[in-house]
Amino acid sequence: MYQSPKKSINTKDSKKKKELSKLREKSKLGGGKKRIQNQHEKGKLTARERIEILVDEGSFVELDEFVTHQNIRFEMAENKPLGDGVITGYASIAGRSIFLYSQDFTVFGGSLGKAQADKICKVMDSAIKTGSPIVGLLDSGGARIQEGVDSLAGYGDIFYRNTLASGVIPQISIVLGPCAGGAVYSPALTDFILMSKSNAFMFVTGPEVVKAVTGEEVSFYDLGGSDIHGSQTGICHLVGETEEETIDLARKLLSYLPQNNLDDAPVKFDEIEENDQSELSQIIPQEENEPYDMKRIIKIITDSDSFFELHEDWAKNIVVGFARIGGSTVGIIANQPLFLGGAIDFHASDKASRFIRFCDSFNIPILTIVDVPGFLPGIKQEHEGIIRHGAKLLFAYSEATVPKISVIVRKAYGGAYIVMSSKHLGTDINLAWPTAEIAVMGSEGAVKILYRKKLASEKEPEKVLAKFSQEFKDEFANPYQAAEKGYIDKVIYPKESRREIIFALHILQNKREQTPKRKHGISPV
Ligand code: HXC
């Protein structure tokens with residue numbers, strides 16, 4: 001009997017559709033229902049659940065869902081889960097495109113073989129080509145042991161792309177499970193590392209190897225959990241209590257960033273709310289060494305609730321983070337008198353210089369708020385290489401060609417005056433409050449050096465010290481000597497700060513600066 005061509009096409013078509021649905025279903029199950037259940041029992045989300053939280057609803061487009069490994073050793077020929085332990089693709093976050101990968105721990109513990117690496121490299125290449133940020137969600141046992149050198153090659157391919165992408169597109173790593181061995185070096189090459197308090201850890205050699213080599217006993221978490229990397233090593237920029245919170249932090253972080261190095265950061269005029277600027281004049285204490293919280297100044301000067309701090313628990317003597325001023329993203333670096341009196345130590349130098357280099361690569365203006373008594377003295381500081389670390393900060397400020405604005409609110413002493421975005425390092429607009437003290441050092445220290453012999457011969461040296469210190473303060477502890485020489489462009493009332501910064505950002509928005517042609521500078525590391 002005659003069959004209409006339409007019907008026969010339909011039959012074949014529906015078979016093909018079923019085949020595709022089956023494959024998709026299979027791919028979605030990753031390592032299978034039991035392993036998904038295990039993942040949940042450990043208090044962890046699956047790779048797909050994490051993507052759902054990260055991206056705008058319904059925006060995720062998956063790629064390479066049927067990729068499998070090609071390994072035939074160690075009984076692997078019969079064990080070829082679709083997708084090979086990583087979910088890759090593109091999506092949008094707040095309407096802006098990103099590429100992403102999310103490691104699936106249910107497939108060989110998320111371990112990385114050649115096929116997984118190729119999938120990750122493919123989305124990295126696409127991200128670079130299209131100028132879109134790349135976000136990685138990491139949860140992996142590291143190099144896939146069964147694949148030998150192929151898995152090492154895979155890591156190498158990823159590290160190479162991390163380096164090529166550096167300064168071109170923002171790279172964000174969200175660590176939500178194990179990240180061990182050489183695998184830590186891909187996140188370490190990216191711009192931002194986020195870790196969840198639960199279940200995330202990063203180390204080069206795990207507790208067992210540590211015990212075998214050094215005899216030390218330590219847990220996974222104490223060796224490389226978010227507490228360690230968020231407060232001691234500075235490897236982690238942001239810590240979330242839960243996976244959901246950590247992923248939300250990544251969304252928030254992206255809202256401050258441009259898509260790539262040729263783009264400008266998004267402007268959010270609709271969210272501008274003015275804070276009461278008159279409060280600024282009540283923050284600096286009468287006593288010269290009395291601490292206060294620099295974040296109060298930052299919060300008043302910036303758009304309401306816009307300050308987004310990075311490295312909150314590491315090197316607390318310097319504060320870094322993004323904020324908006326008049327709707328535009330700025331990178332803020334500020335000394336924090338609450339910790340070490342705001343002095344700069346080797347960690348603070350590293351923290352600030354890295355942040356400055358990120359801002360400079362991605363067209364984000366830099367605002368520096370200064371209250372710094374100097375570099376931190378001490379044997380530990382000298383022996384840990386404060387010279388080398390401090391030089392990074394000088395290099396980063398000098399090298400940066402984005403708009404640079406500074407406000408000295410109290411102390412700016414010695415080398416730390418120079419390093420904290422002084423005019424001499426190419427800062428465009430240098431402002432100072434009337435409370436600014438710009439000097440080679442604090443008055444008492446200076447008098448003790450200048451009048452050492454005289455003080456030793458006095459009957460009441462304390463009185464003489466106090467008298468000379470006051471004279472020294474009257475002469476130097478103000479912004480006017482620097483203003484006379486043009487090192488400070490303008491002395492302003494505290495309440496004028498926000499307005500002056502907005503004007504400065506406006507006038508500097510088309511800033512162009514030529515630096516000598518070269519392959520690249522050699523920043524001290
Ligand atoms: C292959 C792996 C694997 C790996 C885990 N699995 N790691 N398979 N290669 N590297 C598998 C396990 O066999 C298991 O399979 C499943 O993943 C889940 O692992 P479990 O151990 O049951 O899970 P858990 O108890 O949560 O422990 C997770 C873990 C642990 C802490 C990550 O698996 C572990 O210590 N793995 C090894 C970590 C490691 O040393 N990696 C190599 C680092 S060297 P089944 O079938 O039982 O479910 C490295 C070099 C890279 O990465 C160099 C780059 C330059």
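Read the numbers this way: they start at 1 and go in the same order the structure lists the ligands and their atoms. Note that the numbering runs from 1 along the sequence shown for the chain. The figures here come from the full heavy-atom set of this structure, side chains too, leaving out hydrogens, waters and symmetry mates.
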Closest heavy-atom pair and its distance - [X], [Y]:
X	Y	answer
Asp104	Gly31	OD2-N, 4.4 Å
Ser97	Ser132	OG-OG, 3.6 Å
Ile169	Gln259	CG2-O, 4.0 Å

**OP:** State whether the number of non-hydrogen atoms from other residues, nucleotides or ligands found under 6.0 Å of Leu164 atom CG is greater than 12.
**Re:**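 Check passes, neighbour count above 12.
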**OP:** Quick one, list the residues around ligand 1 where some non-hydrogen atom comes in under 4.0 Å, by chain and residue number.
**Re:**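 Within 4.0 Å of ligand 1, the protein residues are Arg35, Lys42, Phe105, Phe108, Gly109, Ser111, Gly141, Gly142, Ala143, Arg144, Ile145, Gln146, Leu152, Tyr155, Phe159, Pro178, Ala180, Gly182, Phe220.
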Original post:
Mind checking what makes ring pair (Phe, Tyr, Trp, His ring centres under 6.0 Å) contact with Phe105, not counting sequence neighbours?
Top reply: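 Expected list: none.
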Subject >> Candidates Phe355, Phe307, Phe308 - the one meeting ring pair (Phe, Tyr, Trp, His ring centres under 6.0 Å) with Phe322 >> reply: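 That would be Phe355.
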